[in-house]
*Asks:* 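Have a look at this one.
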Amino acid sequence: MPARKIRENVFAVGANDWHRKFFDAFIPLPHGTSYNAYLVRGSEKTALIDTVEPEKWDELKSNLEELHLERLDYIISNHAEQDHSGSIPEVLKMFPEAKVVTNAKCKGILMDLLDMSEEAFLEIKDKETLSLGDKNLQFLLAPWVHWPETMFTFLQEDRILFSCDLFGSHLATSDLFARDERLVYQEAKRYYAQIMMPYAKNVVKYIQTIDTLNVEMIATSHGPVYDKPDFILDAYRDWSSEETKNCVAVFYISMHGSTEKMANYLVEALMKRDISVKPYNLLQANQGEIAISLVDATTLVFASPAFLVGPHPNALCAAHLVNFLKPKAKYVGIIGSYGWGNKLVDQLTGFLPALKVEVIPPVLAKGVPKAETYRELDNLAEEIAKRHREMFG
Ligand code: FEO
């Protein structure tokens with residue numbers, strides 16, 4: 001994408017990756033993504049904030065050429081992951097006088113990942129500022145959104161927060177600013193679920209810091225720039241809070257139909273009790289769909305047949321993902337059908353050690369579900385509804 005001005009002497013110079021299908025060889029990207037980089041021209045010095053995936057270097061290079069840069073003084077690295085740092089060596093070949101400005105942790109990781117020497121760096125500390133003349137950059141260390149070295153850069157005069165991954169969205173768009181708010185909200189939520197949800201407590205803490213900055217714009221490293229920052233700050237306050245919503249996610253997989261019948265029955269029993277519920281067939285549901293369901297759900301139900309005697313591998317994969325993402329769900333239900341023996345409950349709960357949940361007594365059917373099974377599923381729906389009523393009235 002072309003270089004575009006976001007404020008006087010502040011430019012977006014990154015690249016869209018319109019057709020990328022997966023991130024980290026794992027996360028599906030329904031709308032591609034972008035690798036945002038920003039150029040800040042002060043009266044005396046010029047700084048590039050982050051770079052792009054190496055395969056998009058040509059676009060960043062062309063944008064820097066278009067801006068007729070005579071020299072580049074600083075390359076600010078907010079985060080060492082290669083989608084933002086990977087083109088630093090190319091930028092340094094183009095501007096050998098530039099120093100890479102980052103914190104000690106990030107410096108160490110960059111030296112490992114990009115095989116860089118220590119002389120390339122100018123190390124900064126938390127809250128330190130760097131003058132570009134009439135513009136000043138302040139660095140705010142923000143570990144664990146998303147790696148231990150992550151930091152924000154705050155352009156004080158323009159009140160722009162360059163937040164790197166935090167507040168991002170995997171969304172390739174021609175919009176420089178977040179204009180299609182429904183689409184941006186959904187993709188930012190998906191991004192939060194997959195990348196930031198395990199660090200929700202840090203998110204809460206950093207939003208408190210950001211609230212003191214009187215930010216006028218948030219320029220992230222993925223997706224459009226927020227020129228109305230309250231839109232994304234309010235969304236993040238909601239997602240990262242301890243509060244859940246009156247909804248249940250049912251993750252099910254079935255081999256011969258019995259567990260699917262049980263899952264479908266439970267879904268309808270919950271609907272009759274005015275609970276928002278959505279089933280996810282683990283044969284088809286992707287990681288993004290599962291992750292986004294975890295942001296709001298109060299109760300998670302795993303429905304699996306016994307595969308030999310343990311849970312189906314797809315159910316274990318889903319449970320592992322849930323455990324890894326550490327959602328704020330309060331309750332877990334387990335249902336399923338088995339033939340000659342089962343260790344469904346022990347093995348599934350064994351995959352969820354990071355969750356602080358009450359496991360509601362499970363419903364397990366030997367063979368096909370029978371009248372008694374459906375009565376037990378009604379009881380389970382009522383147990384879930386009782387807990388939801390206590391929370392939501
Ligand atoms: Fe967009 Fe953690 O990198």
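Side chains included, hydrogens not; waters and symmetry mates left out as well; all remaining heavy atoms used.
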*Asks:* With a 4.0 Å cut-off, would you call E53 and R20 a salt bridge?
*Replies:* yes
*Asks:* Is a donor from one side chain sitting under 3.5 angstrom from an acceptor on the other, for S117 and E119?
*Replies:* yes
*Asks:* Is there a side chain to side chain donor-acceptor pair (under 3.5 Å) between Y265 and D378 once you walk through the steps?
*Replies:* CA-CA 8 Å; Y265 189 90; D378 275 323; 2.7 Å; yes
*Asks:* Is I210 close to L161 at the side-chain level, that is, under 4.5 Å between some pair of heavy atoms?
*Replies:* yes
*Asks:* Do the side chains of R237 and D234 get close enough for a salt bridge, i.e. N-O under 4.0 angstrom?
*Replies:* yes
*Asks:* Between K56 and E59, is there a side-chain N and carboxylate O pair less than 4.0 Å apart?
*Replies:* yes
*Asks:* Given 3.5 Å as the limit, does a donor-acceptor pair link the side chain of R273 with the main chain of A269, or not?
*Replies:* yes
*Asks:* Could you walk me through whether F167 and Y236 pass ring pair (Phe, Tyr, Trp, His ring centres under 6.0 Å), step by step?
*Replies:* CA-CA 8 Å; F167 308 122; Y236 260 66; 4.7 Å; yes
*Asks:* Determine whether the side chains of R7 and Y38 contain a donor N or O and an acceptor N or O closer than 3.5 Å.
*Replies:* no
*Asks:* Please work out which of the three classes, parallel, tilted or perpendicular, describes the rings of F231 and Y226, given edges at 30° and 60°.
*Replies:* tilted
*Asks:* Under the side chain to side chain contact (heavy atoms under 4.5 Å, CB included) criterion, do I6 and F177 qualify, and how do the steps go?
*Replies:* CA-CA 9 Å; I6 62 173; F177 297 107; 4.2 Å; yes
*Asks:* With heavy-atom distances below 4.5 Å as the criterion, would you say the side chains of V145 and M196 are in contact?
*Replies:* yes
*Asks:* Is a donor from one side chain sitting under 3.5 angstrom from an acceptor on the other, for E157 and N136?
*Replies:* yes
*Asks:* Salt bridge or not between R71 and D73? Use side-chain N to carboxylate O under 4.0 Å.
*Replies:* yes
*Asks:* Any donor-acceptor pair under 3.5 Å linking the side-chain atoms of H388 with those of T298?
*Replies:* no
*Asks:* Between R387 and E358, is any pair of side-chain heavy atoms under 4.5 Å apart?
*Replies:* yes
*Asks:* Which of these passes side chain to side chain donor-acceptor pair (under 3.5 Å) with Y35: N16, D83, D17?
*Replies:* D17
*Asks:* Is it the case that atom CZ in F392 sees more than 12 heavy atoms from other parts of the structure closer than 6.0 Å?
*Replies:* yes
*Asks:* May I ask you to decide if the ring planes of F351 and H320 are parallel, tilted or perpendicular, using 30° and 60° as cut-offs?
*Replies:* perpendicular
*Asks:* Within a strict 4.5 Å, meaning less than it, do heavy atoms of the T153 and Q138 side chains meet?
*Replies:* no
*Asks:* Flag the pair E65 and K61 as a salt bridge only when some basic side-chain nitrogen lies within less than 4.0 angstrom of an acidic carboxylate oxygen.
*Replies:* yes
*Asks:* Quick one, Y185 with W239, criterion ring pair (Phe, Tyr, Trp, His ring centres under 6.0 Å). Give me CA distance, side-chain angles, the key distance, then yes/no.
*Replies:* CA-CA 11 Å; Y185 182 93; W239 302 334; 5.2 Å; yes
*Asks:* Is there a donor-acceptor pair under 3.5 Å between the side chain of D126 and the backbone N or O of L140?
*Replies:* no
*Asks:* Going by the angle between their ring planes, with limits at 30° and 60°, are H146 and Y199 parallel, tilted or perpendicular?
*Replies:* tilted
*Asks:* Could you give me the CA-CA distance, side-chain angles and deciding distance for V368 and S337, then say whether side chain to side chain contact (heavy atoms under 4.5 Å, CB included) is met?
*Replies:* CA-CA 7 Å; V368 295; S337 160; over 6 Å; no
*Asks:* Is it true that D165 and H84 share a donor-acceptor pair across their side chains at a distance under 3.5 Å?
*Replies:* yes
*Asks:* Between S77 and T102, is there a side-chain donor-acceptor contact under 3.5 Å, judged purely by atom types and distance?
*Replies:* no
*Asks:* Would you tell me whether H170 and E187 have side-chain atoms, one donor and one acceptor, within less than 3.5 Å of each other?
*Replies:* no
